[in-house]
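Accompanying notes for the structure given below.
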Number of protein chains: 2
Amino acid sequence: MKTIEIKNAWQGESDCENCSIRSSALFAELNEEDFSKIHSPIDDLSFEAYAGIYQQGDKAGSLYTLRNGYIKILHINSDGSERIVRIVLPGNLFGMEALLGEAYEHSAYALTNVHLCRIPKNIISTLGEESPRLHRQIVKKWGEALLQSESWFSEINTGRIEVRLARFFLKLAKESGSFAIAPLFKREDMGLMMDVKCETISRALASMAEQGLISNITRLSVQIPNLELLRQFSKRGV
Amino acid sequence: MKTIEIKNAWQGESDCENCSIRSSALFAELNEEDFSKIHSPIDDLSFEAYAGIYQQGDKAGSLYTLRNGYIKILHINSDGSERIVRIVLPGNLFGMEALLGEAYEHSAYALTNVHLCRIPKNIISTLGEESPRLHRQIVKKWGEALLQSESWFSEINTGRIEVRLARFFLKLAKESGSFAIAPLFKREDMGLMMDVKCETISRALASMAEQGLISNITRLSVQIPNLELLRQFSKRGV
DNA sequence: CGAACCCTTGATCGTGTTCAATAGGCGTGG
DNA sequence: CCACGCCTATTGAACACGATCAAGGGTTCG
């Protein structure tokens, strides 16, 4: 494995036209003519877990597409309290405030090692007005972000914590043979997502394990032995 | 006052080019040429307080601009629990899911008597791809909705309820002479906004009044005798 | 004038917080 | 490679906040 001294490493310029996640990304619908209009370089970057990608208040010059890993979008309130407003999943766009104003409205931190593309805002604002295909895609991505934020809000912040955790797992779980695996993050981060303290997350995990809803709790993941059972629990509770 | 038998009344076709709130609305930047491309009628409607405007799951054929009053955007979770994900303020767009998919993702209800414009989605999807001005405005409105949703999330759902209520008042307060007035809604609705029961809202209001942070609590509004005091409270608590 | 609805208030209970102590991983340096 | 130390996670006990159940008081509208 490479030694990375600074927290992020430049991986080269992206070849968007042949990108492996292009179908789910911003440039999904672009044609060759559109691509020929892109002149600024789109950089391909990787960050270590817990590295900061941008800070609330920074001048917003680029938006980002996440290729893999997870990112937290953190909002700092005027009283200094923090709140995670959204988790970015692979294929999602973030830092879209760049299209609107001068500064980022939130901070973005890597939750895991991540790999992402940085797209200068001028590419989008010029191309967006010329290409109906990109226009459509931008509107779609904005919409997805809004829906994700709202569903996060509605589902991850309502009810007893164990139920919220269950919904959280169901959102992130990946099937793997007869069971599924969901990622865990630092307990404090998970607390910030659900407006709860880290001790409470810990206790809730323990209690869910006792009930057989999850197993093999580690620092970084849980196993879900029975997805259907968890789904029931997330709806009815207990 | 007019008697309105059905819950909403058609107020005529909108004259968008001369709309009084046009500067803050979707069509702010359009020019005469753009307007000439609008063929479907944009209706001007009014609804009584508590009327439903559209329901989660309805076929999404139009988006809306709120002219005056307040609207709640309600999300119903799979377990039947409800949550208010956003309050629409005058000048805001809502029902934008129409641009993305087939169905509305939430339900919209009037919190007060409201006055709004209904814009068929085909106007936007065709015009949006032809007019860079409208494109820019759509992206902007979409971004505003996302930021509002996220700040709602972050500020109205973190901390003790009295603090959350304080932030809520500060968001909605209108200055009026030496003091300010903030609207109140049904206690149950306020509870749905903050993930709290109506009794708790009631108690919090009483306690804030005792502390001199608010006064003259009625069914529909509170007075804020000292905005600066409330602002302090919303940051430091007590 | 009465009825429905909403808001308020009280008492008790449950959930999450807080403070504190302990245990477990992981990386570093010997 | 092991031992130490730091950081994070877990667990416990007392406490605070909001939920719940229940009763009473106000408004509004027919």
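In what follows, every chain begins at residue 1, and chains take the letters A, B, ... in the order their sequences are listed. Both backbone and side-chain heavy atoms feed into the values below; hydrogens, waters and symmetry mates do not.
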Using whole Å, report how far [atom1] of [X] lies from [atom2] of [N].
X	N	atom1	atom2	result
B:R160	D:dA19	CZ	P	14 Å
B:L184	C:dT8	CG	C1'	14 Å
B:R164	D:dC17	CZ	P	13 Å
A:D189	D:dA9	CG	C1'	14 Å
B:I161	D:dA16	CD1	P	17 Å
B:E188	D:dT20	CD	P	12 Å
B:F185	C:dC5	CZ	P	22 Å
A:M194	C:dT17	CE	P	12 Å

Quick check on [N]: is either OP1 or OP2 less than 4.0 Å from any side-chain nitrogen or oxygen of [X]?
X	N	answer
A:K186	D:dA9	no
B:S202	C:dC7	no
B:R187	C:dT8	yes

According to the interplanar angle, ranging from 0 to 90°, do the rings of B:Y54 and B:Y104 count as parallel (below 30°), tilted (30 to 60°) or perpendicular (above 60°)?
parallel
Parallel, tilted or perpendicular, as decided by the 30° and 60° cut-offs, for the rings of B:Y64 and B:F94:
parallel
Would you indicate whether A:E144, at its atom CD, is surrounded by more than 12 heavy atoms from other residues, nucleotides or ligands within a distance under 6.0 Å?
yes
Does atom CD of B:E102 have more than 12 heavy-atom neighbours from other groups under 6.0 Å away?
no
So, under a plain 3.5 Å distance rule, would you say the side chain of A:R203 forms a donor-acceptor pair with the base of D:dG12?
yes
Do B:E199 and C:dC6 share a donor-acceptor pair, side chain to base, under 3.5 Å?
no
Establish, from distance only, whether the side-chain atoms of A:E150 and B:H106 form a donor-acceptor pair under 3.5 Å.
yes
Of A:R219 and A:C198, whose nearest nucleotide on DNA chain C comes first from the 5' end?
A:C198
Would you indicate what A:I201 reaches in the nucleic acid, counting non-hydrogen atoms under 4.0 angstrom: base, sugar-phosphate, or nothing?
nothing
